[in-house]
Each structure stands twice: as structure tokens, then as C-alpha cells.
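Read the structure below first, then the notes.
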There are 2 protein chains.
Amino acid sequence: MFKKVLVADDLGSINLGVLTIAKNLGLNNVERVEYCDDAYLRIKKGLLDNDPYDLLITDLSFKEDHRTQKYPSGEDLIKVLRKETPNLKIVVYSIEDRLQKVRRLISQYNINAYVCKGRKGLEELSKAVEEVYEDRFFISEQVSHALSNKTTLDIDDFDVLLLRNLASGKSQEEISLDFKQKNITPSSLSSIEKRLNKLKIQFSASNTIHLVAIGKDIGLI
Amino acid sequence: MFKKVLVADDLGSINLGVLTIAKNLGLNNVERVEYCDDAYLRIKKGLLDNDPYDLLITDLSFKEDHRTQKYPSGEDLIKVLRKETPNLKIVVYSIEDRLQKVRRLISQYNINAYVCKGRKGLEELSKAVEEVYEDRFFISEQVSHALSNKTTLDIDDFDVLLLRNLASGKSQEEISLDFKQKNITPSSLSSIEKRLNKLKIQFSASNTIHLVAIGKDIGLI
DNA sequence: AACTTCATTACGGTTTCCCGGAATCGCTTA
DNA sequence: TAAGCGATTCCGGGAAACCGTAATGAAGTT
């Protein structure tokens with residue numbers, strides 16, 4: 001089994017549960033941290049000491065508090081670790097079950113498992129660790145269709161950027177000017193209108209407000 | 001101390017943590033459920049058996065699964081319990097730290113404590129139980145300004161209804177007609193415009209899309 | 001009854017958004 | 001080189017939203 005495991009989660013009681021199942025799996029070298037920055041430092045230190053971690057189990061959202069963090073979220077942590085320590089296995093253990101978010105995480109950072117916190121969360125996590133140890137990918141039943149479902153697969157970064165800009169209060173014309181300045185194409189007002197129209201059809205949104213609201217609900221923005 | 005306590009939370013590991021601190025507090029009659037409906041039934045049964053619970057510790061959000069629920073969220077549970085068993089002490093233990101949501105919960109259902117899940121969550125929960133036992137109100141430091149801060153206090157149900165309607169894709173005119181039908185006043189298009197304008201000023205939103213996005217972010221809708 | 005006050009409603013002009021058609025550009029293929 | 005095709009851009013008319021102002025209505029006050 002894994003020789004050295006790190007668990008990152010800011011809720012003490014979650015950690016407790018994870019430690020319990022870890023023990024059942026025969027993992028006897030498990031450490032826990034409550035901040036992503038701590039996780040990063042430990043993992044780097046492990047490398048320097050020639051005693052690297054071989055598994056990270058991490059949450060996605062960490063509460064902010066007085067400590068300012070370089071990596072405020074699990075996603076930030078994963079991003080940097082995937083670059084610097086590509087051999088480390090990463091299991092995400094999060095409450096997040098919105099398909100778009102899960103989909104982006106899996107495709108962008110190519111994590112080894114995605115487990116949803118929930119009633120069966122610990123069981124699934126246990127299974128996930130075993131699967132990942134065998135070099136297989138694991139995903140919770142609950143969000144497994146994040147991979148297969150094609151319905152919203154043809155939404156690219158431009159669409160997301162557009163919706164984010166709208167949600168932040170910019171008018172379509174302002175966005176157009178902004179894109180022109182930043183050399184983002186397409187940038188014409190007409191193109192923006194057309195893109196929004198496409199999105200509205202895809203999500204059956206009746207107007208732009210509705211579209212942005214849906215985008216927020218499904219975790220797209 | 002409390003004689004009979006019920007803990008409602010769908011995450012097993014959270015429950016584990018809560019049970020631990022309960023033991024430390026000298027609570028030796030603590031039960032746990034993973035669904036709000038189960039919580040409701042147990043509490044009602046306690047009443048019938050003349051052996052009522054005197055404390056409920058509950059989460060707010062419960063994941064949906066195959067079991068269809070009459071009370072899908074903690075808020076639904078609290079709502080009905082406050083009517084039917086006003087003597088029961090209720091402690092909310094949730095990850096939710098958005099002020100508007102906390103504020104509404106406290107003012108509408110007059111719960112006995114609000115504790116944020118987080119790094120210090122269990123300690124605070126322990127403190128909360130003690131305070132509530134002494135008939136005092138408890139709220140986590142993190143969201144304590146939900147009570148004092150007046151900035152958004154003059155937002156009423158009408159405003160929320162309006163924003164919800166917008167987020168669901170209705171045009172202002174459609175909302176006006178809908179309000180007229182349902183005898184909700186004010187209902188004229190002009191009034192709706194005015195109200196939206198007031199909200200935009202309060203939240204420094206530059207347009208309606210922005211306003212709805214902010215409303216979603218802060219948990220107003 | 002006349003007056004004040006405040007919320008609601010009505011209205012008109014301006015801006016933004018919405019939507020379709022047509023022209024242009026860039027790339028591929030014949 | 002020409003033709004074809006999709007993406008982008010330009011344009012124009014109509015709808016919805018935006019914004020200020022005026023009219024109406026329902027209290028309570030003098």
C-alpha cells in the first residue's frame with residue numbers, strides 16, 4: 001500500500017474520518033494539514049529529504065482566515081503540484097458535485113480520483129485509494145456522468161470568460177472593448193451576441209440573466 | 001446537561017466528530033441521523049413516547065439521493081420544528097458563512113445557536129451547546145457581524161422574490177403580470193424598476209445581471 | 001375638508017440588448 | 001486560382017431595460 005500519505009482538509013472531523021479509514025486500509029503513515037500551503041510545504045520537504053509522499057487526499061474549498069495563503073484553494077494546490085511533482089497521486093475529496101466543475105478538474109489536472117463527500121463518502125474514498133494504488137482512475141457514482149455526458153462539452157474557455165465578465169457587471173459593449181484591448185478573439189459586439197445566443201440555446205435560458213444564473217448554479221462560473 | 005440529543009448531518013465523519021465532543025460534554029444520550037425526514041420522525045416519536053429530545057444539532061444542506069424527502073434541507077426541518085416543537089433547542093452547524101443566509105435563518109426561525117463548520121468548528125460547537133444549555137444565544141465569531149451589520153438589513157421578502165424571479169428567466173414585464181395575478185404588491189412595471197434600482201444602489205451593482213450574480217454569491221437567493 | 005407624506009403607478013425618451021441578414025476574412029479543398 | 005465553408009464582423013430594426021418626472025392614491029395630521 002501507499003507508504004506516505006498526506007490529507008488536506010480544513011474540517012477537523014473530516015480528517016478524523018479519513019484517518020479512520022486509512023488505518024483500516026493498512027496505511028500507517030498518514031499526516032494531516034488544515035491549509036493548502038502547509039500541504040505544499042510538506043510535500044516539497046518530503047522530496048528534499050528523499051522521503052516523498054506518494055498520495056495526497058485533498059479537499060477543494062478551504063475557509064479563509066487570518067492566515068493569508070499562497071494557495072487558497074485545493075485547485076491551486078493541485079495545479080502547482082501537478083507541475084512540480086507529477087508522480088504524486090492525487091485524490092480529490094470534496095462536497096462539490098456540480099458536473100462542470102468536476103469535469104474541468106479532471107480534464108485540466110488529470111487527477112487520479114474524484115470522491116464526493118456524502119453519506120457514502122468514506123466508503124467510496126476507501127475504494128478510491130485502493131483503485132488508485134492499482135493505477136486506476138476512480139470517480140464517485142454520483143458524478144460519474146461528468147465524463148460521459150456530452151451535453152455541455154462544447155463550452156470553451158471563451159464562453160466561461162464571457163459569462164464571468166457578464167456576472168461581474170460589464171455590459172456587452174464594455175466586454176467587447178476589453179477583449180479588443182487584450183487581443184481576445186472574437187471581440188466584436190456581434191460575435192459576443194452570437195455566442196451568448198448559442199449558450200442560451202444550449203442551456204435553454206430565456207435571457208442573459210437566466211443564463212448567468214444557470215452558469216452559477218452548475219458551477220461553470 | 002441536555003438529556004436527549006439528536007444530531008442530523010449527512011456526512012458520516014462530521015457526525016463522528018460531533019459525537020466525540022458530545023461525549024466530552026457529558027452528553028450520553030446522543031443519536032444521529034443522515035436525513036432530515038428521519039430527524040423529524042424521531043423527534044415526533046420522542047414527543048409521543050413522552051421522552052422528548054431537548055437538543056437538535058443540524059446541518060443545513062443535505063445531499064439528495066434516491067430517497068425522496070419531505071424536508072430536503074435543514075431549513076425545511078427547522079421551519080416545521082419551530083412550529084410544532086417550540087421548546088426544542090436548535091443548534092445549526094453548517095459550512096454556510098454567507099451573511100444574508102445566516103441572518104435570515106436567525107431572524108426567521110430564531111434558532112438558539114449558529115456554528116460555522118471550519119477549523120475551529122468543533123470547539124465552537126462545544127461552546128455553543130454549553131451556552132444554549134444556559135439559555136443563551138451563540139454565534140460563531142466568523143459570522144457574528146451578521147447581526148450587527150445594518151448595511152443590507154432593509155431587504156425584504158419582496159426583494160428576494162423579485163431577484164429569484166429574475167434569476168429564473170422572467171422578464172420584468174412577465175414578473176409584473178405574475179405579481180398582478182397573485183395579488184402581490186407592488187406589481188407595476190415601474191415599481192419593479194424602482195425596486196431594482198434601489199437594490200442596485202445598495203449592492204453597487206452596475207446592472208441587473210450583476211445584481212442577480214451578487215445575490216447568488218452572498219446567499220440572498 | 002385641506003394638507004402633507006409616502007408609496008405606487010403612468011409615461012416618454014434614451015440606452016442597451018436582441019436577432020436576423022449580409023458582407024468580409026481566413027482557411028481548406030478542388 | 002477559384003470555390004467552398006465556417007467564423008467573424010458590420011448593420012438595421014424591434015424589444016426590453018433604464019431613468020427621470022409627473023400623476024394618482026392611500027394613509028395620517030391639522
Side-chain angles (χ1 to χ4, degrees), chain A residues 150-217 220-221, chain B residues 150-217 220-221:
Chain A
K150 305 264 184 187
T151 47
T152 48
L153 214 62
D154 46 350
I155 289 175
D156 58 23
D157 294 341
F158 182 85
D159 295 317
V160 177
L161 184 63
L162 191 50
L163 292 181
R164 287 225 175 95
N165 270 287
L166 283 174
S168 77
K170 287 210 190 83
S171 74
Q172 298 180 15
E173 193 168 0
E174 284 170 331
I175 295 174
S176 167
L177 292 173
D178 188 49
F179 281 6
K180 279 187 171 68
Q181 266 197 342
K182 294 178 181 161
N183 283 334
I184 299 171
T185 62
S187 62
S188 77
L189 182 58
S190 183
S191 290
I192 288 173
E193 288 172 352
K194 284 207 185 338
R195 200 60 87 99
L196 284 176
N197 207 39
K198 187 202 75 179
L199 290 171
K200 278 179 217 161
I201 292 168
Q202 274 187 39
F203 290 112
S204 348
S206 45
N207 57 44
T208 311
I209 296 178
H210 196 191
L211 180 63
V212 170
I214 292 172
K216 279 203 169 286
D217 284 339
L220 195 61
I221 51 178
Chain B
K150 304 265 185 186
T151 48
T152 49
L153 214 62
D154 46 350
I155 288 174
D156 58 24
D157 294 341
F158 181 85
D159 295 317
V160 177
L161 185 63
L162 192 49
L163 292 181
R164 288 223 173 96
N165 271 286
L166 283 174
S168 77
K170 287 211 191 83
S171 75
Q172 297 181 15
E173 193 169 0
E174 284 171 332
I175 295 173
S176 168
L177 292 173
D178 188 50
F179 282 6
K180 279 186 171 69
Q181 266 197 341
K182 293 178 182 163
N183 282 335
I184 298 172
T185 62
S187 62
S188 76
L189 183 58
S190 184
S191 291
I192 288 173
E193 289 173 350
K194 283 209 183 342
R195 200 58 87 101
L196 285 176
N197 210 36
K198 188 202 73 178
L199 290 172
K200 279 179 215 162
I201 292 169
Q202 274 186 40
F203 290 112
S204 343
S206 45
N207 57 43
T208 311
I209 296 178
H210 196 190
L211 181 63
V212 170
I214 292 172
K216 278 203 169 284
D217 283 339
L220 195 60
I221 51 179

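Just so it is clear: chains get the letters A, B, ... in the order the sequence lines come, proteins before strands, and each one is counted from 1. What you see below is based on every heavy atom in this structure, not just the backbone, and it leaves out hydrogens, waters and symmetry mates.
- Of the residues in residues 184-191 of chain B, those lying under 4.0 Å from DNA chain C by heavy-atom distance are B/Pro186, B/Ser187, B/Ser188, B/Ser190, B/Ser191.
- For A/Glu173, the CD atom sits in a loose shell: 12 or fewer heavy atoms of surrounding residues, nucleotides or ligands are nearer than 6.0 Å.
- Taking each heavy atom of B/Ile221 and B/Ala167 in turn, the nearest pair found is CD1-CB, 4.3 Å.
- The CD atom of A/Gln172 sits 16 Å away from the C1' atom of D/dC10 (whole-angstrom rounding).
- A straight line from NE2 of A/His210 to P of D/dA16 spans 17 Å, rounded to a whole angstrom.
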Between N or O atoms, less than 3.5 Å apart, protein on one side and nucleotides 22-25 of chain D on the other: list the pairs.
none

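- The OG atom of B/Ser171 lies 9.0 Å from the CD1 atom of B/Ile192; values are rounded to the nearest 0.5 Å.
- In this structure, the side chains of A/Leu196 and A/Leu166 come closer than 4.5 Å at one or more pairs of heavy atoms.
- The residue B/Glu193 sits close to a base: some heavy atom pair falls under 4.0 Å.
- B/Asn165 and B/Lys170 get closest at one heavy-atom pair: OD1-NZ, 2.7 Å.
- Spacing between atom CZ of A/Phe179 and atom P of D/dT8 amounts to 12 Å, rounded to whole angstrom units.
- Following rounding to the nearest Å, B/Ile192 (CD1) and C/dA7 (P) show an atom-to-atom distance of 17 Å.
- If you take CZ of B/Phe158 and P of C/dA7, they are 14 Å apart, rounded to a whole angstrom.
- Whole-Å rounding puts the A/Leu211 CG to C/dC19 P distance at 12 Å.
- Here NZ of A/Lys198 is found 7.0 Å from CD1 of A/Ile155. Values are rounded to the nearest 0.5 Å.
- Atom-to-atom distance recorded for A/Asp159:CG and A/Leu199:CG is 4.5 Å, nearest 0.5 angstrom.
- We find that CG of B/Asp159 is positioned 13 Å from P of C/dA7, with the value rounded to whole Å.
- Nearest heavy atom pair, residue B/Ala205 against residue B/Ile214, reads CB-CD1, 4.0 Å.
- Of all non-hydrogen atoms in A/Ile209 and B/Thr208, the two that sit nearest each other are CD1-CG2, 3.5 Å.
- One interatomic measurement links the two molecules: CD of B/Glu173 to C1' of D/dC18, which rounds to 14 Å at whole-angstrom precision.
- Residue pairs that meet the ring pair (Phe, Tyr, Trp, His ring centres under 6.0 Å) test with at least one member in residues 164-198 of chain B, sequence neighbours left out, are B/Phe158-B/Phe179.
- Listed candidates were C/dC17, D/dC18, C/dC19. Nearest to the side chain of A/Thr208 is C/dC17.
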Tabulate below the donor-acceptor pairs under 3.5 Å that side-chain atoms of residues 183-190 of chain A make, not counting sequence neighbours, or state none.
residue	atom	partner	partner atom	Å
A/Ser188	OG	A/Ser191	N	3.0
A/Ser188	OG	A/Ser191	OG	3.1

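- Contact of the A/Asp217 side chain with the B/Lys216 side chain is registered, since non-hydrogen atoms from C-beta on lie closer than 4.5 Å.
- Of the residues in residues 160-171 of chain B, none lies under 4.0 Å from DNA chain C by heavy-atom distance.
- OP1 and OP2 of C/dC18 both lie 4.0 Å or more from every side-chain N or O belonging to A/Asn207.
- Within the nucleic acid shown, A/Lys180 has no heavy atom closer than 4.0 Å to any nucleic acid atom.
- Side-chain atoms of B/Asp156 and B/Arg195, non-hydrogen and from C-beta on, do get closer than 4.5 Å to each other.
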N/O-N/O pairs, protein side and nucleotides 25-28 of chain C side, under 3.5 Å:
none

